Undergrad: 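Submitted below is the structure of interest, expressed as structure tokens.
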There are 2 protein chains.
Amino acid sequence: MKRPKRPTIRDVAEKAGVSIATVSKYVNGQQSFSPAVEEKLREAIEDLGYSQNSLARAMVTGRTTAIGLAVMDLANPHYSNVVKGANRVALANGYNLFVVDMEESIAAVRPLLEALAPRTDGLIVSARIPKDVTDWLAELDKPVAFLGQPERDDVLTVGTDSVQVAALLAQYLVRQGFKRFGYMGYSRAPSNADRLQGLRQILEPAGVELLIFDVDEPTNEAGERAAARVLLRPDRPDVIIGWNDLVAIGMMNEARSLGFKVPFDVAFAGIDNIPISRYVTPPLTTVDVCSQTTGEVVMKKIIAMIEEKPQPTDLTLEPALIIRESTQRQFT
Amino acid sequence: MKRPKRPTIRDVAEKAGVSIATVSKYVNGQQSFSPAVEEKLREAIEDLGYSQNSLARAMVTGRTTAIGLAVMDLANPHYSNVVKGANRVALANGYNLFVVDMEESIAAVRPLLEALAPRTDGLIVSARIPKDVTDWLAELDKPVAFLGQPERDDVLTVGTDSVQVAALLAQYLVRQGFKRFGYMGYSRAPSNADRLQGLRQILEPAGVELLIFDVDEPTNEAGERAAARVLLRPDRPDVIIGWNDLVAIGMMNEARSLGFKVPFDVAFAGIDNIPISRYVTPPLTTVDVCSQTTGEVVMKKIIAMIEEKPQPTDLTLEPALIIRESTQRQFT
DNA sequence: AAATATCAGTTAAACGTTTTCCTTGTTTGG
DNA sequence: CCAAACAAGGAAAACGTTTAACTGATATTT
């Protein structure tokens with residue numbers, strides 16, 4: 001492993017017999033050149049395999065044409081889709097998107113962001129993070145946006161309203177005739193409280209029971225592990241809402257292998273509308289939280305902020321109920 | 001949106017009444033200090049909200065403590081898992097991992113890598129990329145590793161052997177008694193040829209038919225769209241292998257909604273062993289290609305290269321057959 | 001007590017760019 | 001032809017750090 005030290009603008013200048021300023025202008029296409037010089041530059045660059053060191057460039061210009069996105073968990077398809085949306089818009093506008101995965105660990109986010117910040121023109125963070133970190137972000141010289149539910153009004157946040165999402169689902173399920181609700185939440189997520197509020201807002205007036213459970217991580221496996229806790233109770237719910245689609249799918253699977261008929265013995269619904277939810281058996285009822293659109297919108301907003309200010313308004317996307325067979329049950 | 005210009009080491013030095021060198025040594029913990037100075041530094045840094053500009057630091061040290069990973073498609077759970085594995089190892093060794101998504105577009109990879117390269121100490125690329133890009137990578141001063149199948153022996157590549165993967169699956173399916181094989185490939189992937197070779201290697205000696213089809217992208221939807229083409233033929237295969245689990249799941253779903261009983265009318269198998277494959281109905285037989293381990297191993301290797309050279313050996317991981325119900329059929 | 005080592009801190013060069021003036025030579029207009 | 005305008009290129013400062021070499025003190029060894 002030799003490290004050949006890659007060629008700098010200085011090497012090019014020397015080889016072409018011009019000043020470094022000229023090379024800089026040439027590679028940035030900022031001026032016209034005599035054919036002789038142009039030819040020599042082309043050749044020198046080609047020979048040396050020169051390419052700009054964007055680090056050095058960023059240092060002096062203060063611009064990186066890159067945007068950073070810190071995401072809770074890349075293995076969660078919801079976030080993959082957010083990334084997809086963001087990436088498309090970024091690329092279309094000449095920016096690069098660098099993604100970092102915080103692996104559900106809020107604690108580790110600070111160093112991650114500190115590493116990311118100087119390398120980017122703007123930051124997107126997909127989580128509610130501790131106050132000291134938001135404070136630090138605030139006094140950064142860069143635009144920052146959050147994904148999730150609007151919380152503070154001095155920062156841009158894009159997402160669906162968790163209360164509304166939960167209420168939407170509850171409303172439909174109540175109308176379907178379900179009588180005993182279970183909710184398998186993820187209490188470590190701050191929006192868990194909002195989801196609960198949304199559920200209660202509908203269920204209490206309707207006089208419907210709500211049993212609350214908790215998973216230790218928002219994954220298939222955790223849902224699967226937790227399912228028995230709720231299914232084997234004497235007062236088993238007739239419908240169970242998962243913190244997200246992954247949890248719901250995990251629970252549903254375990255239910256079926258315990259011999260329950262879904263949705264007849266027990267129904268399931270999730271939240272997020274990840275792509276795979278269509279493909280499980282039975283297909284999962286869920287709420288679309290516009291994952292990809294979220295990514296697109298937040299990226300558009302942050303690019304606007306970077307390239308000079310439209311007022312940063314929070315943007316709440318409209319969730320949409322996706323009705324599939326996992327809750328399609330005739331009540332007699 | 002004011003951009004307050006964040007404080008530099010110089011501001012701290014001035015405020016604390018010391019030289020910038022002292023500040024630098026302080027923040028890097030390279031020396032001991034008199035209590036007086038230490039206190040002033042602490043205070044100045046706190047007041048100003050100073051944090052190191054890692055860009056400038058990287059410029060002079062030549063080290064970024066970051067590693068870049070360019071991945072074909074983050075929405076594909078196989079890659080999410082690779083990222084997960086890589087991220088864990090990176091974090092454990094004090095590196096940050098920056099992920100970029102090339103969205104299945106080999107053409108766009110060059111600018112992505114050019115942006116990523118100066119910001120990182122090493123690069124991992126999860127695709128076979130055009131020769132001009134590999135050449136460019138080769139004359140970079142950074143360690144580079146590839147994910148996939150070893151191809152050139154002067155670069156480090158980690159992955160499972162596509163020929164072996166396909167052969168493993170074929171072998172099992174032949175033993176199961178399947179007689180007419182379908183393969184829904186993704187011909188735009190270079191390893192498609194290897195997969196085919198692996199299949200033929202087993203199927204031809206066994207005197208088993210092989211029908212070859214092609215999807216336009218390696219996704220659920222594409223599999224679903226393509227399914228009818230193979231299912232509605234008069235000489236319909238009795239088992240269909242998907243390019244990956246996503247394609248297989250898409251096809252399987254479409255088969256079921258066309259009224260086929262899986263695995264009795266037609267069986268399905270995938271490749272990758274993505275997490276969700278356990279949860280579809282019927283659970284999908286597949287080949288585990290060690291997604292997460294791949295990420296872990298390649299990251300370990302590249303860190304070793306960065307921190308000085310063990311010889312870069314290619315590493316081929318052992319694929320493992322995962323037998324589930326989607327191919328469990330009794331032949332009479 | 002002299003010689004030496006250690007400690008705390010400073011100076012200045014370097015990293016690879018961009019960019020703001022300059023300089024020179026050449027064209028153009030009147 | 002003379003002045004003014006322009007075109008092509010250069011010199012040098014700046015971006016925010018690190019680090020080797022240096023300077024005085026103070027502490028340790030003989």
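Small disclaimer: the values here were computed from a predicted structure and weren't measured. In what follows, every chain begins at residue 1, and chains take the letters A, B, ... in the order their sequences are listed.
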Undergrad: With no hydrogens and no angle check, is any side-chain donor or acceptor of A:Asp73 less than 3.5 Å from a backbone partner on A:Glu103?
TA: no
Undergrad: Parallel under 30°, tilted from 30 to 60°, perpendicular over 60°: which one fits the rings of A:Phe33 and A:Tyr26?
TA: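 It falls in the perpendicular class, over 60°.
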Undergrad: Side-chain contact test, heavy atoms from C-beta onward, threshold under 4.5 Å: evaluate it for B:Phe146 versus B:Ile124 and give yes or no.
TA: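 Not in contact.
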Undergrad: Ignoring hydrogens and geometry, is there a side-chain-to-backbone donor-acceptor pair from A:Thr64 to A:Asp121 under 3.5 Å?
TA: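 A pair under 3.5 Å: yes.
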Undergrad: Has the side chain of B:Asp11 got a donor or acceptor atom that lies under 3.5 Å from a matching backbone atom of B:Thr8?
TA: yes
Undergrad: Can you check each nucleotide of nucleotides 6-17 of chain C against protein heavy atoms at under 4.0 Å and return B for base, S for sugar-phosphate only, - for none, in 5' to 3' order?
TA: --BBBB---BBB
